[in-house]
S.K.: 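There's a structure below that I have some questions on.
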Amino acid sequence: MSATVSFEVPTPGGPQPVTVSYARVGKGEPLLLLHGIGHHRQAWDPVVDILATERDVIAVDLPGFGASPALPAGLAYDLPSTTAVFSALCEALELERPHVAGNSLGGLLALELAREKRVRSVTALSPAGFWSPAERRYAFGVLLTMRHIARRLPLPLVERLSRSAAGRTALTSTIYARPARRSPEAVVAETLALAQATGFDDTLRAGAAVQFTDDIPQIPVTVAWGTKDLLLVRRQGVRAKQIIPRARLVRLPGCGHCPMSDDPALVARVILDGSRQTVSAPRDL
């Protein structure tokens, strides 16, 4: 069931109110799910029921995406502000150091929360921030093109395309390796989410200066990469392993940039396994 929560986030000009939309289901240790840029919390729907068998799952719409309003004036869409937002969110929802899983931008945010020791474990699926300058320019170019197309396509055309496997492939094959598995309703909803995301442009601008360079030695980290990721190529996972040597690096065979619907059982298992990990000496997996 969806809900909203409002809380205050400190800024140099004083506390600012933020509202976040989320869905919560399951029992167990808390697990926070963070989606990527231009997406919404429903990206996690294929794995939520599996995760909820062992975890109290909280899937959120990032501020300015999905059903969450934009950030107020005085809060930037950069890592420090967004980390402060999610720290305040956890306090508002009484989540004491949750496990966190994130995809793309959400994976970067999850790692940043871990770097600040605010979480129990992290599973990052194709996280942003491990790119070379050329790879970042390529990814941003693709994202801007996707956004432009989503904003230009009339809704009746999106709905018509979504009814066929070929149409769903045309709309979503950049981020899914198996786009035909997406339901027509999901494809329409995520195309609208991309077109209507008020935080998209500011988030992308803030990301131009982002490079994740810090080790996370005291928190279990899993980094997983789809072998068919067309947006953030999988060699970036090797860089992540070099920067975070204790991380568990996992291949997701046949999966794209958003692997949750490409192989829900595998992705859910990787997330649950990641949340059971303890910190160990560096090793290759």
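Quick note: numbers below take in every heavy atom, side chains included, and nothing from hydrogens, waters or symmetry partners. Position 1 is the first residue of the sequence, and the numbers go up from there. This structure is a prediction, so every number in the text was calculated from the model and none was measured.
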S.K.: For Ala166, what residues pass the side-chain contact (heavy atoms from CB on, under 4.5 Å) criterion, not counting sequence neighbours?
M.R.: Ser164
S.K.: Does Arg24 qualify as a cation-pi partner of Tyr22, given the criterion of NZ or CZ under 6.0 Å from the six-membered ring centre and within 45 degrees of its axis?
M.R.: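 Judged by the rule, Arg24 and Tyr22 form no cation-pi pair.
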S.K.: Are the charged groups of Arg234 and Asp229 less than 4.0 angstrom apart, N to O?
M.R.: no
S.K.: I need the Leu79 CG to Glu112 CD distance, nearest 0.5 Å.
M.R.: 5.0 Å
S.K.: Is it true that a side-chain atom of Arg168 and a backbone atom of Ala180 form a donor plus acceptor pair closer than 3.5 Å?
M.R.: yes
S.K.: Which of these passes side chain to side chain contact (heavy atoms under 4.5 Å, CB included) with Trp225: Arg251, Lys241, Gln236?
M.R.: Gln236
S.K.: For residues Gly36 and Ser104, report the shortest heavy-atom separation together with the two atoms involved.
M.R.: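 Taking Gly36 first and Ser104 second, the nearest heavy atoms are CA-CB, 4.1 Å.
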S.K.: Keeping the roles fixed (side chain from Asp262, backbone from Gly256), state whether a donor-acceptor pair exists under 3.5 Å.
M.R.: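 Answer holds: yes.
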S.K.: Is the distance between the ring centroids of Trp131 and Phe212 under 6.0 Å?
M.R.: no
S.K.: So Asp214 and Ile243, do their side chains get closer than 4.5 Å, heavy atoms only?
M.R.: no
S.K.: Tell me, with the steps shown, if Arg41 and Ser21 meet side-chain contact (heavy atoms from CB on, under 4.5 Å).
M.R.: CA-CA 9 Å; Arg41 68 174 184 266; Ser21 178; 2.7 Å; yes
S.K.: For Arg276, is there an ion pair with Glu54 - N to carboxylate O distance below 4.0 angstrom?
M.R.: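 Result for this pair is yes, salt bridge flagged.
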S.K.: If hydrophobic clusters are built by linking Ile, Leu, Val, Met, Phe, Trp and Tyr wherever their side-chain heavy atoms come under 4.5 Å apart, do Val187 and Met260 end up in the same one?
M.R.: no
S.K.: Does atom CD (Glu8) have a neighbourhood of more than 12 heavy atoms from anything else shown, all under 6.0 Å?
M.R.: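 Enclosed.
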S.K.: Is there a path of hydrophobic side-chain contacts, each under 4.5 Å between heavy atoms of I, L, V, M, F, W or Y residues, that connects Leu153 with Leu144?
M.R.: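 Result: no, two separate clusters.
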S.K.: Flag yes if Leu252 and Val233 sit in one hydrophobic cluster, no otherwise; membership is Ile, Leu, Val, Met, Phe, Trp, Tyr, and two members link when side-chain heavy atoms are under 4.5 Å apart.
M.R.: no
S.K.: Please tell me whether Phe7 and Leu109 are part of a single hydrophobic cluster in this structure, the criterion being side-chain heavy atoms less than 4.5 Å apart.
M.R.: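 Same cluster: Phe7 reaches Leu109 through Ile, Leu, Val, Met, Phe, Trp or Tyr contacts under 4.5 Å.
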S.K.: With rounding to the nearest 0.5 Å, note down the distance linking OH in Tyr77 to CG in Leu105.
M.R.: 11.5 Å
S.K.: So, Arg147 side chain and Ala197 main chain: donor-acceptor pair closer than 3.5 Å or not?
M.R.: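 Yes; judged by distance alone, with no hydrogens or angles, the pair exists.
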S.K.: Using 4.0 Å as the upper bound for N to carboxylate O, is an ion pair formed by Arg239 and Glu135?
M.R.: yes
S.K.: Determine whether Val270 and Arg248 satisfy the following criterion, side-chain contact (heavy atoms from CB on, under 4.5 Å), listing intermediate values before the conclusion.
M.R.: CA-CA 10 Å; Val270 168; Arg248 193 174 63 118; 3.9 Å; yes
S.K.: Suppose the criterion is ring-ring contact (aromatic ring centres under 6.0 Å, His included): which pairs have a residue in residues 145-170, not counting sequence neighbours?
M.R.: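 Matches after skipping sequence neighbours: none remain.
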S.K.: Could you tell me whether Lys27 and Asp56 have a side-chain N and a carboxylate O separated by less than 4.0 Å?
M.R.: no
